[in-house]
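The next block holds one structure in the form of C-alpha cells; read it before the comments.
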Amino acid sequence: MSTEDRPPAPRSLAEALRARGDASLGALLRSRPDLITPVPTDLTQLATRAGTRASVVRALERLDRFALQTAEALAVAADPATYGELLGLMAGDDADPAVVAALPHALNGLREQALVWGDDDRLRLVRTARELLAPSPQHPSPTGLGPTVQEATAGMSPGRIQEIVTAAGLASTHDSVSAVTALAGLFTDRARMAALLAAAPSDSLDVLERLVWGPPYGQVTADPAPRLRWLLDRGLLLPTAPGTVVLPREVALHLRRGLAHRAPEPVPPVVETAAVHRPQVVDSAAAGQAYTALATVEELLKDWDEGGPAVLRAGGLSVRDLKRTAVALDVPEPVAAFWVELAYAAGLIASDGEADERYAATPAYDEWLELPAAERWSRLVTAWLAATRTAGLVGGRDAKDRTLSALGPGLDRSAAPEVRHRVLALLAGLPEGAAPAAASVLARLRWERPLRGDRREDDLRGRLAEWALSEAELLGVTGRGALSAQGRALLGAPAAPAPGRPEAEPSGPGDKLPVHHHHRAAPLTALSPAEQAVASAAAARLLAPLLPEPLDHVLLQADLTAVAPGPLRRPLADMLGVLADVESKGGATVYRFTPGSVRRALDAGQAASDLHAFLATHSRTPVPQPLAYLIDDVARRHGHLRVGAASAYVRCDDDAVLSEILADKRAAGLGLRRLAPTVLAAQADPAGLLEGLRAMGFAPAAESAEGDVLITRALAHRTPPRTAPEPVPDGPPVPDDTLLAAALRAIRAGDLASTTPRKPGTAPAANGELPRTGAAETLATMQAAVLTGEALWIGYVNAEGAASQRVIAPIRVEGGFVTAYDHTADEVRTYPLHRITGVAELADDAG
C-alpha cells in the first residue's frame, strides 16, 4: 500500500476505535465488559470510559505478565514511541528471539483492549495507564527505572546544567533546553557512553551497578565522596532533593543494554508433572472420594436434622459449633468448614429464620436425597465451581480484625470461581493420569495474573489456587492429584493430550518456537448455565458406573456388632442408624447394638417382633443369640415404668420397683415422693424425669394423658424454602452475543449521529450542544424532508429529561408528532415535536 493509499493515522483513541470493525469492537467489549455498563452513546464516550482510572486499573490487572511488561515498557518510552523503540526496550541489544517472536501478539492484545492505540510508528499508551505505570518517587515502576534526564533536571539552575555538560565533554550551549538535549543524546549514544564510562573510576562504576536495576534513588551527604562527585559532575547521577540523587533513565538503559526489565517473560511457565498414574486408577480414586463426599454431606445434614447449631448474632457458626461439627464428621476444622460451606452453597442448609435462629436442612435437601448418587455429586461440584464463598478464609481476620466464621459474612471472593476453573483447566491440559506439581501451577497463575508490585502477602489468587487443588481432591474431581474423566467432562474439556506430548505443542510445520502457545491454544472458558448443565450431566454419567452399588444386607456378629461391607440402601441405613450406633467407618462401616440404641428404636415406635424381623431379613448371617436376648430384655423392661405430667409422675404396677427408685441416692435431684403404692410424683419435668431414670438404669416410657405410650420419633426440622446464595460477580458479566450486537448497533448509530457532517450555517456550536431551531422552522424542515426523503440531525429530550442527538429520516408529520426511521436506534419511531430541541440538515456528502 502506498503512502497516499494508507488511511490517516488516528489522532485520538476515539478515532482509533472508529476505524475498527465490529469484530474488533466486540472483542474489546468482551474483554472489558465494564465499558458497556451502561451502553455508551457513541464511540467518543466509549473512548472516554476506556480511559477512566477504574476501568484502566481493572484492565491492567487482567493482563498476563508479558503483556504487562510491554505496557510498562511503553510507559518509560517516548510518547509516542515506534515499534522499534519498544522492541529495543523489551528485547535489549541482544534481541532475545523469544521476546521478538512474542511481542507482536502482546502489543496486539494491548491494542485490542484499547490500552494502546496508534500505528507501529506512533504507539501511544492510554494516558491513564501511563500515569499508573510511569516511574515516580511515590510510585516506583516495576522496571526499576527512574526519571529521564529532562525530568530530573527540570528544577536545576542553567549554570549547573552547563557545568554538567562541560564536565561530560560536550560543548556548552546558550540555553538549558539544548544543553539537556545534548546530554540526553550523549547518554543514548552507545559508543560515546562507552567511552565516557571507560574513563570512570572503578568504585564509581560500582555505585552505578548498585542502582542500575532499581530502586534508582540513593542518598548522598553534603560533601559527596570522590566516587560520587565524579558521577554527579557528569550528570550520571542527578540530584532530585537535598541529600537524594537518582540514576537517569537513559544511563540505566545503557548499562542494562537497552532492557526495560531485568527478566522479560514472554513464555508462560510450564505446568510440570509431579507424578503419572494410570487413568483407571485416577478415576477409581476420584470415584471413591466422590462417594465419601456424598456420605460426609449426608452425615452433616443428618447431624443437623432436628435443628442444627444456633446462628451467631453477627451471622455464622460459632467456633465451638464448628469444632463440634468437625468431631462429628471426624475431620479437621478447616475441612469441616469446607463441607458446611459447600452444603450452604448448594442450597442444602440455611437459617430457619425463627426467633431462636438455627441452621437446618432445607426442603431442597430432601429432593437431593432422592436423586441417584452421581447426580447428587454433580449438584455439589457444580455449586462448588460457581461459588464465591471461600471456606479457606474461615478462622482468618477481616479488614476490621474480626474473626471470619463459617456461614458468616465476609467470605465471598469474586475471583474464586475463575481461579478454580483456571486451575482445573491447567490440569486438563496435562496428559491423562498426570498430577501437576502444585508450585508450577501457582507459578503459571502468577504469570497469567501477576501481582501488582509483587506483593506476596496479598497473593489471594495463589491461596485460592491451593484451596482449589485440595477441594477438588476432597470432592473427587481429581484423584491422586490428577484430573479424573468426570472432572474433565465437568469442564466441557476435550480429550487429554497423549502421554508425552507437552501442553499446547506446536500444531503446524511452521510453528517452530512454542512462544505463543499460551495464546494459540484455545483456553477453556467458563461455561454458560445451560452448557454447564449439559457438562454436569455428562460428568454424572461417567461417574455412575464407578460408584459402589448400595447393599441391602449387613453381617451380624456375636459381639453385638453389624458390619456393612459397603454403602447401604437408604431405608436400611436409616433404620440401622436408629437401632445401632456407628462404631467405625472406612471401607466397611461397623455398627454396635447397645441397650440405649435398642431403646431408641423402641421409643421410635418399633416393637421387639419388628426388630427381630428386620434383622433376620437384612442379615446374611443368622441373628446371634446375644443380640436377640438384648432386644428381648430391653423390650421387656421398656414401658414398665410410665412417666406423665403432674409436674411429672412415675407409675408402676410393681411397688417394689418404686421403692427401689426412692431408695436410690441418684434420685435425690428428681424430687420424688410417693402418692400411692404404684405412683410417684416428681418436681422434675417429664423429659428430665425420663432422662434421670434412664441414667439410673431403668427403661421408662412416656405416656399420654389417656395413659397410652407416647412414640418419641425424631422429627426432621426443615427451613422454609430457601434459594442457594448467589455468587458475588467479579465485575460486570461478559455480554452475550445478543447484548453485544445490540450495544454495537447502538454505539455505531450514536456515533453516526454525533459525527455526521451538517450543512454550513445549520450546525450548532462545536461543543456537543444540541441543535436549536424554532418550532416553525423545525416543522417546515421536517415536512420538506418527508418530500425529499433526506435525513436530518435532531436534538431530542425524552420524558425523563435526558438529552440525545439522533439522525432520522422523516416519513410522516401530523398531529404534533413526526414518524421517522431513526438511524440511531435502527428502527421506525414516533417523536413528539415539542420534545425536539432543533433540527439541522446533513451535508450533501454525508456518508
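A quick note: this is a predicted structure, and the numbers were derived from the prediction, not measured.
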Whether the side chain of [X] engages the backbone of [Y] through a donor-acceptor N/O pair (distance < 3.5 Å, no angle test) should be reported.
{"X": "Tyr359", "Y": "Gly316", "value": "yes"}
{"X": "Thr52", "Y": "Arg49", "value": "yes"}
{"X": "Arg376", "Y": "Leu371", "value": "yes"}
{"X": "Ser24", "Y": "Arg20", "value": "no"}
{"X": "Thr382", "Y": "Arg379", "value": "no"}
{"X": "Thr128", "Y": "Gly51", "value": "yes"}
{"X": "Gln532", "Y": "Leu490", "value": "yes"}
{"X": "Glu473", "Y": "Gly481", "value": "yes"}
{"X": "Trp447", "Y": "Pro266", "value": "no"}
{"X": "Arg449", "Y": "Arg62", "value": "yes"}

Can you name the nearest heavy-atom pair linking [X] to [Y], along with the distance?
{"X": "Ser31", "Y": "Gln113", "result": "OG-CG, 3.7 Å"}
{"X": "Arg722", "Y": "Ala350", "result": "CG-CB, 3.7 Å"}
{"X": "Pro10", "Y": "Ala16", "result": "CB-N, 3.7 Å"}
{"X": "Gly476", "Y": "Ser484", "result": "O-OG, 3.7 Å"}
{"X": "Ser414", "Y": "Pro729", "result": "CB-O, 3.6 Å"}
{"X": "Ala468", "Y": "Trp384", "result": "O-CZ2, 3.8 Å"}

Under the rule for salt bridge (charged side-chain N to carboxylate O under 4.0 Å, His left out), what residues qualify as partners of Glu357, not counting sequence neighbours?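 By the salt bridge (charged side-chain N to carboxylate O under 4.0 Å, His left out) rule, Glu357 matches no residue at all.
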
Heavy-atom distance under 4.5 Å between the side chains of [X] and [Y], does that happen here?
{"X": "Pro436", "Y": "Leu430", "answer": "yes"}
{"X": "Leu63", "Y": "Pro450", "answer": "no"}
{"X": "Ser405", "Y": "Leu317", "answer": "no"}
{"X": "Pro309", "Y": "Trp304", "answer": "yes"}
{"X": "Leu542", "Y": "Arg488", "answer": "no"}
{"X": "Leu348", "Y": "Leu380", "answer": "yes"}
{"X": "Arg124", "Y": "Arg130", "answer": "no"}
{"X": "Val419", "Y": "Leu460", "answer": "no"}

Rounded to the nearest 0.5 Å, what separates atom [atom1] in [X] from atom [atom2] in [Y]?
{"X": "Glu112", "Y": "Leu25", "atom1": "CD", "atom2": "CG", "value": "10.5 Å"}
{"X": "Asp321", "Y": "Leu312", "atom1": "CG", "atom2": "CG", "value": "7.5 Å"}
{"X": "Leu426", "Y": "Ser440", "atom1": "CG", "atom2": "OG", "value": "8.5 Å"}
{"X": "Leu133", "Y": "Gln69", "atom1": "CG", "atom2": "CD", "value": "12.0 Å"}
{"X": "Leu35", "Y": "Thr48", "atom1": "CG", "atom2": "OG1", "value": "11.0 Å"}
{"X": "Glu299", "Y": "Trp339", "atom1": "CD", "atom2": "CH2", "value": "11.5 Å"}

Side chain to side chain contact (heavy atoms under 4.5 Å, CB included) between Val423 and Trp467: does it pass, once the steps are laid out? CA-CA 10 Å; Val423 166; Trp467 295 330; over 6 Å; no

When you look at Trp377 and Val477, which way does the side chain to side chain contact (heavy atoms under 4.5 Å, CB included) test go after all the steps? CA-CA 10 Å; Trp377 175 83; Val477 176; 4.1 Å; yes

Do [X] and [Y] have a side chain donor and acceptor closer than 3.5 Å?
{"X": "Thr37", "Y": "Asp34", "result": "no"}
{"X": "Arg32", "Y": "Ser55", "result": "yes"}
{"X": "Arg18", "Y": "Thr44", "result": "yes"}
{"X": "Glu531", "Y": "Ser528", "result": "yes"}

Can you name the side chain to side chain contact (heavy atoms under 4.5 Å, CB included) partners of Glu131, sequence neighbours left out?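 Listed in chain order: Arg127.
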
Listed by chain and number, what are the side chain to side chain contact (heavy atoms under 4.5 Å, CB included) partners of Pro332, not counting sequence neighbours?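 Residues passing side chain to side chain contact (heavy atoms under 4.5 Å, CB included) with Pro332: Pro334, Val335.
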
Could you give me the CA-CA distance, side-chain angles and deciding distance for Val126 and Val116, then say whether side chain to side chain contact (heavy atoms under 4.5 Å, CB included) is met? CA-CA 6 Å; Val126 170; Val116 171; over 6 Å; no

Once salt bridge (Lys or Arg N to Asp or Glu O under 4.0 Å) is applied, what residue pairs with a partner in residues 360-374 remain, sequence neighbours excluded?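 Pairs touching residues 360-374 that pass the test: Asp366-Arg718.
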
Check ion pair [X]-[Y] (N to O, under 4.0 angstrom):
{"X": "Arg748", "Y": "Asp42", "result": "no"}
{"X": "Arg446", "Y": "Asp459", "result": "yes"}
{"X": "Glu354", "Y": "Arg358", "result": "no"}
{"X": "Arg65", "Y": "Glu448", "result": "no"}

Please assess Phe66 against His261 for the test side chain to side chain contact (heavy atoms under 4.5 Å, CB included), listing each intermediate value before the final yes or no. CA-CA 10 Å; Phe66 187 65; His261 295 87; over 6 Å; no

Output a table of donor-acceptor pairs, distance under 3.5 Å, between side-chain atoms of residues 732-744 and any protein atom two or more places apart or on a different chain; print 'none' if there are none.
residue: Asp736; atom: OD1; partner: Thr738; partner atom: N; Å: 3.3
residue: Asp736; atom: OD1; partner: Leu739; partner atom: N; Å: 2.8
residue: Asp737; atom: OD1; partner: Arg30; partner atom: NH2; Å: 2.8

If you look only at distance, which donor and acceptor atoms sit under 3.5 Å apart when one is on a side chain in residues 386-399 and the other is two or more places apart or in another chain?
residue: Thr388; atom: OG1; partner: Asp412; partner atom: OD1; Å: 2.6
residue: Thr388; atom: OG1; partner: Val728; partner atom: N; Å: 2.9
residue: Arg389; atom: NE; partner: Glu341; partner atom: OE1; Å: 2.7
residue: Arg389; atom: NH1; partner: Gly408; partner atom: O; Å: 3.3
residue: Arg389; atom: NH2; partner: Glu341; partner atom: OE2; Å: 2.9
residue: Arg389; atom: NH2; partner: Gly408; partner atom: O; Å: 2.7
residue: Thr390; atom: OG1; partner: Thr388; partner atom: O; Å: 3.1
residue: Arg397; atom: NH1; partner: Asp401; partner atom: O; Å: 2.8
residue: Arg397; atom: NH1; partner: Thr403; partner atom: OG1; Å: 3.3
residue: Asp398; atom: OD1; partner: Lys400; partner atom: N; Å: 3.0
residue: Asp398; atom: OD1; partner: Asp401; partner atom: N; Å: 3.0
residue: Asp398; atom: OD1; partner: Arg402; partner atom: N; Å: 2.6
residue: Asp398; atom: OD2; partner: Arg402; partner atom: NE; Å: 2.9
residue: Asp398; atom: OD2; partner: Arg402; partner atom: NH2; Å: 3.3

